[in-house]
Colleague: 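Quick one: this structure, given as structure tokens, is what I'll be asking you about.
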Amino acid sequence: MSFTAKDVAELRARTNAGMMDCKKALTECDGDFEKAAVWLREKGIAAAAKKQGRIASEGVVSSYIHMGGRIGVLVEVNCETDFVAKTELFQEIARNVGMQIAAANPKYVRIEEVPAVELEKEKEILRVQAANEGKPAAIIEKMVEGRIKKFYEDNCLMEQPFVKDSSMKISDYINEMTLKIGEKISIRRFVRYELGEGLEKRHDDLAEEVAKQMGTKA
């Protein structure tokens with residue numbers, strides 16, 4: 001299958017890969033656009049993985065405020081050099097991560113941070129659910145392992161679909177950006193605030209409240 005310069009340009013726009021890399025991907029995949037995109041992502045993951053052993057102690061603490069001040073996020077995103085930390089692209093990456101946290105409300109950055117006690121408790125709930133569905137004991141554990149992926153997706157930032165492109169997870173996005181800036185990117189920690197979270201809500205009737213203020217009965 002042949003391909004044109006337009007195909008190369010479109011693949012580059014979609015994947016953020018270099019022009020020569022896109023041309024090579026289309027050549028390797030006989031001009032198949034979708035296969036070439038997958039090929040680039042797989043190569044990108046491998047290349048990004050090589051950078052994970054590097055030290056990333058620079059970066060930014062970025063803030064993201066959502067819904068007119070009802071949700072706020074502080075997130076620390078690290079890179080290798082102060083120069084990269086100050087670039088517009090890196091600042092954008094940090095903002096995108098903050099947006100993700102505001103929208104998806106994860107509890108942890110990555111799977112390894114989930115406490116063993118919490119994980120086992122969740123698995124036990126899933127076992128009971130599977131048993132209540134009448135599933136045979138022989139396949140319950142397999143079902144649990146499959147369903148626990150949804151738990152990770154809900155609670156672990158790196159496993160969540162990226163809110164700006166649901167075709168990739170946050171881990172995929174970070175890998176792509178790692179290749180684009182040429183340095184290791186690491187999301188270290190975050191905190192998310194939601195207005196009124198944890199506070200007891202008032203349930204006073206509005207008419208009754210007004211009546212009290214006016215000194216009359218509703």
Side-chain angles (χ1 to χ4, degrees), residues 1-54 56 59-60 62 64 73 75 77-81 83-85 87-106 108-113 145-188 190:
M1 187 186 300
S2 61
F3 60 89
T4 65
K6 183 180 179 181
D7 294 326
V8 176
E10 288 181 359
L11 185 60
R12 183 184 185 188
R14 175 171 168 177
T15 63
N16 290 318
M19 190 69 76
M20 294 306 297
D21 289 332
C22 291
K23 185 175 180 180
K24 182 177 180 181
L26 286 166
T27 300
E28 291 288 333
C29 298
D30 296 322
D32 188 306
F33 191 91
E34 294 302 323
K35 287 183 179 179
V38 172
W39 186 90
L40 281 169
R41 179 166 291 180
E42 289 174 346
K43 293 294 182 182
I45 290 172
K50 293 180 180 179
K51 300 181 186 295
Q52 292 309 305
R54 297 180 181 179
V60 296
S62 179
Y64 179 82
V73 172
V75 58
V77 183
N78 300 122
C79 58
E80 297 176 45
T81 65
F83 173 79
V84 164
T87 62
E88 185 175 343
L89 176 56
F90 189 79
Q91 298 286 330
E92 180 185 351
I93 293 167
R95 284 195 299 272
N96 283 339
V97 172
M99 181 191 303
Q100 176 75 29
I101 295 166
N105 194 16
Y108 310 102
V109 175
R110 51 189 60 83
I111 289 174
E112 293 78 11
E113 296 176 9
E145 290 305 316
R147 292 179 178 181
I148 205 68
K149 292 180 181 179
K150 182 63 169 60
F151 170 81
Y152 288 142
E153 185 178 299
D154 290 340
N155 292 280
C156 300
L157 174 64
M158 298 296 281
E159 302 303 310
Q160 293 180 333
F162 185 24
V163 292
K164 296 181 74 172
D165 182 357
S166 60
S167 70
M168 65 170 72
K169 298 192 299 184
I170 286 295
S171 58
D172 298 322
Y173 172 65
I174 294 299
N175 282 336
E176 285 194 4
M177 293 301 100
T178 293
L179 291 175
K180 192 165 186 177
I181 69 172
E183 288 190 8
K184 175 183 177 180
I185 299 174
S186 175
I187 304 170
R188 185 183 177 207
F190 66 84

Colleague: Considering residues at least two apart in sequence or located in another chain, which fulfil the side chain to side chain donor-acceptor pair (under 3.5 Å) criterion with K149?
Modeller: none
Colleague: Can you list every pair that meets salt bridge (charged side-chain N to carboxylate O under 4.0 Å, His left out) and has a residue in residues 157-171, with sequence neighbours left out?
Modeller: E159-K169
Colleague: Can you list everything that forms a salt bridge (charged side-chain N to carboxylate O under 4.0 Å, His left out) with E153? Sequence neighbours excluded, please.
Modeller: none
Colleague: Could you tell me the separation between the CD1 atom of I93 and the OG1 atom of T178, rounded to the nearest 0.5 Å?
Modeller: 7.5 Å
Colleague: Enter the distance from K6:NZ to E10:CD here, rounded to the nearest 0.5 Å.
Modeller: 5.5 Å
Colleague: Grab the two heavy atoms, one from Q100 and one from V163, that are nearest each other, plus how far apart they are.
Modeller: OE1-N, 2.8 Å
Colleague: Where do V73 and G98 come nearest, in terms of heavy atoms and distance?
Modeller: CG2-O, 3.8 Å
Colleague: Could you pull out all residues at least two apart from V38 that satisfy side chain to side chain contact (heavy atoms under 4.5 Å, CB included)?
Modeller: E42
Colleague: What pair of heavy atoms forms the shortest contact from K23 to V8, and how long is it?
Modeller: N-CG1, 4.2 Å
Colleague: With a 4.5 Å heavy-atom cut-off, do I101 and Y64 have their side chains touching?
Modeller: no
Colleague: Using the test side chain to side chain contact (heavy atoms under 4.5 Å, CB included), find all partners of A25 that sit at least two apart in sequence or belong to another chain.
Modeller: L11, A36, W39, L40
Colleague: Not counting sequence neighbours, which residues clear ring pair (Phe, Tyr, Trp, His ring centres under 6.0 Å) with Y173? List them please.
Modeller: F162
Colleague: Going by the rule salt bridge (charged side-chain N to carboxylate O under 4.0 Å, His left out), which residues pair with E34 if we only count those two or more places apart in sequence or in a different chain?
Modeller: R14
Colleague: Could you report the tightest heavy-atom contact between E183 and T81, atom names first, then the distance?
Modeller: OE2-OG1, 2.6 Å
Colleague: Could you work out, with side chain to side chain donor-acceptor pair (under 3.5 Å) as the rule, every residue matching T27, not counting sequence neighbours?
Modeller: none
Colleague: Who pairs with Y108 by ring pair (Phe, Tyr, Trp, His ring centres under 6.0 Å), at least two apart in sequence or on another chain?
Modeller: none
Colleague: List in chain and number order the residues that pass salt bridge (charged side-chain N to carboxylate O under 4.0 Å, His left out) with K35, two or more places apart in sequence or in another chain; answer none if no residue qualifies.
Modeller: none
Colleague: Do the side chain of D7 and the main chain of T4 share a donor and acceptor less than 3.5 angstrom apart?
Modeller: yes
Colleague: Rounded to the nearest 0.5 Å, how far apart are CD of E92 and CE of M177?
Modeller: 8.0 Å
Colleague: Provide the closest heavy-atom pair for I181 versus F90 in the form atom of the first, atom of the second, distance.
Modeller: CD1-CD1, 4.2 Å
Colleague: What's the spacing between N96 CG and S62 OG if we round to 0.5 Å?
Modeller: 9.5 Å
Colleague: For the residue pair I174 and I185, what are the closest heavy atoms and their distance?
Modeller: CG2-O, 3.7 Å
Colleague: Under the salt bridge (charged side-chain N to carboxylate O under 4.0 Å, His left out) test, which residues partner E113, sequence neighbours left out?
Modeller: R110
